[in-house]
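The structure appears right after this line, and notes come after that.
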Amino acid sequence: MKLSVIGCGYLGAVHASAMAELGHEVVGVDVDAGKIASLAAGRAPFFEPGLPEILASALETGRLRFTTDMAEVQGASVHFVAVGTPQSKDSYAADLTYVDGAIESLLPYLSEGDLVVGKSTVPVGTAARLAEIVDAGGSGAMLAWNPEFLREGYAVKDTIEPDRLVYGVADDRAVPILDEVYASAIGGGSPRLVTDYATAELVKVAANAFLATKISFINAMAEIAEVTGADVTQLADAIGHDARIGRRFLNAGVGFGGGCLPKDIRAFTARAEELGRGESVAFLKEVDAINMRRRDRVADLAVEVLGGSVFGRKVAVLGVSFKPHSDDVRDSPALDVAVRLKGLGADVVVTDPEGLDNARARHPQLLYTEVTDEALRHADLTVLVTEWPEYTALDPEHVASIVRQPLVIDARNALDSAAWKAAGFAYTGLGRS
Ligand code: UDX
């Protein structure tokens with residue numbers, strides 16, 4: 001099929017490459033000329049495992065191209081909208097400027113029978129509003145909403161083998177078109193659900209709200225564990241054996257971040273308030289508050305273990321991306337902790353395998369190094385904030401030999417505490433005695 005993908009960020013670049021890899025002919029469009037030049041040259045503009053490989057192989061087939069010129073979507077019959085919906089500057093609501101702009105600029109190029117497919121995460125009610133705009137354009141094109149559930153770090157796999165497909169449609173003629181787009185995933189057994197627009201939009205925000213709630217639930221238990229001497233990791237293991245609860249997303253620590261969970265739960269509360277149902281999701285404000293308190297807790301612990309002040313003390317911050325296998329620092333708990341410690345007067349040195357450029361662009365006042373040992377050398381305190389495998393695999397004996405003081409805070413409960421203690425470290429996890 002001939003497809004276009006509008007927006008070539010974390011979502012769109014992977015979607016465009018994966019669709020071309022699966023045999024479709026794809027044009028990716030973005031307003032950012034630098035990003036388009038990079039993609040067209042086969043360079044992924046961000047770190048995503050597996051993307052460079054599928055980008056290169058899809059470009060080589062000639063089925064994938066990138067452009068800043070919207071007119072080049074002509075000839076494609078399915079147009080994916082994969083632009084960002086960030087948090088608004090002045091409120092919790094999602095900023096729909098880019099989605100609205102993408103639809104407006106697509107309109108002149110749509111033809112009878114074309115399908116516009118929204119993938120961006122939007123407040124419930126957006127698809128119905130956009131469908132009216134598409135209808136008013138008079139092209140005879142249809143709109144569907146097909147939310148994306150990919151996780152950064154696993155985006156290629158999640159796109160090629162999604163754990164479910166959701167089609168929000170107003171016209172059943174959209175269904176066989178989407179089935180053809182996703183023939184490979186459907187053939188591979190991915191379940192597909194056909195819903196109305198509102199349900200499809202809600203599926204996405206409900207899924208992210210549930211995941212955020214699960215993480216904040218275990219972090220709330222960590223807060224209780226901290227005042228009772230209980231161990232939240234053992235608690236999570238024990239309750240996780242109940243299949244109804246499950247162990248996944250019960251890792252207590254510094255909490256969730258990234259470009260989705262934080263802004264999606266905030267946008268959901270804002271939308272529910274607009275709909276007069278603010279009380280239905282009021283608990284998400286508490287989910288957010290618990291999550292933000294974990295960042296304070298790590299900063300407080302740093303002050304505590306350093307005897308009352310971090311001022312002038314060297315703190316090695318291991319990890320800055322919001323999670324391992326990603327260079328994304330949007331709403332990253334790790335970056336936030338580093339900034340807080342710097343604000344308290346610590347000499348913060350941050351290291352990360354992939355996230356340094358993005359972190360440096362946002363917070364040039366921090367010191368950065370690509371070399372883990374440089375960050376650790378003469379450190380008074382080591383704080384693990386993003387559980388990259390290279391940090392969880394560190395040899396504590398080696399670390400002990402280069403730091404000034406053997407103090408470690410494990411803000412992800414990801415280190416082998418016994419091994420670090422055996423190497424002489426005073427080990428502090430979160431929610432653990
Ligand atoms: C999330 C959803 O998982 C995905 O389905 C949706 O499409 C986009 O949002 P992503 O933002 O890539 O994906 O990250 P995810 O793997 O969900 O992790 C989110 C945050 O939660 C990370 O900061 C992670 O460190 C944190 N987390 C995760 C925990 O603190 N504890 C856990 O047990 C799991």
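Indexing begins at 1, ligand by ligand and atom by atom, following the structure's order.
The pair R294-D336 fails the salt-bridge criterion, with no side-chain N (NZ, NE, NH1 or NH2) lying under 4.0 Å from an Asp/Glu carboxylate O. Under the 4.0 Å criterion applied to side-chain N and carboxylate O atoms, R271 and E274 are assigned as salt-bridge partners.
The number of heavy-atom neighbours closer than 6.0 Å to CZ of F217, taken from other residues, nucleotides and ligands shown, is 12 or below.
A212 is linked by a side chain to side chain contact (heavy atoms under 4.5 Å, CB included) to F256, L261, I265, V287, counting only residues two or more places apart in sequence or in another chain. Remark: N413 engages V232, T233, A252, Y427, L430, R432 in a side chain to side chain contact (heavy atoms under 4.5 Å, CB included) (not counting sequence neighbours). K2 pairs by the salt bridge (Lys or Arg N to Asp or Glu O under 4.0 Å) definition with nothing, not counting sequence neighbours.
The protein residues lying under 4.0 angstrom from ligand 1, judged by non-hydrogen atoms, are E148, F149, L150, R151, E152, K204, N208, L211, I215, F249, L250, N251, G255, F256, G257, C260, L261, F322, K323, R412.
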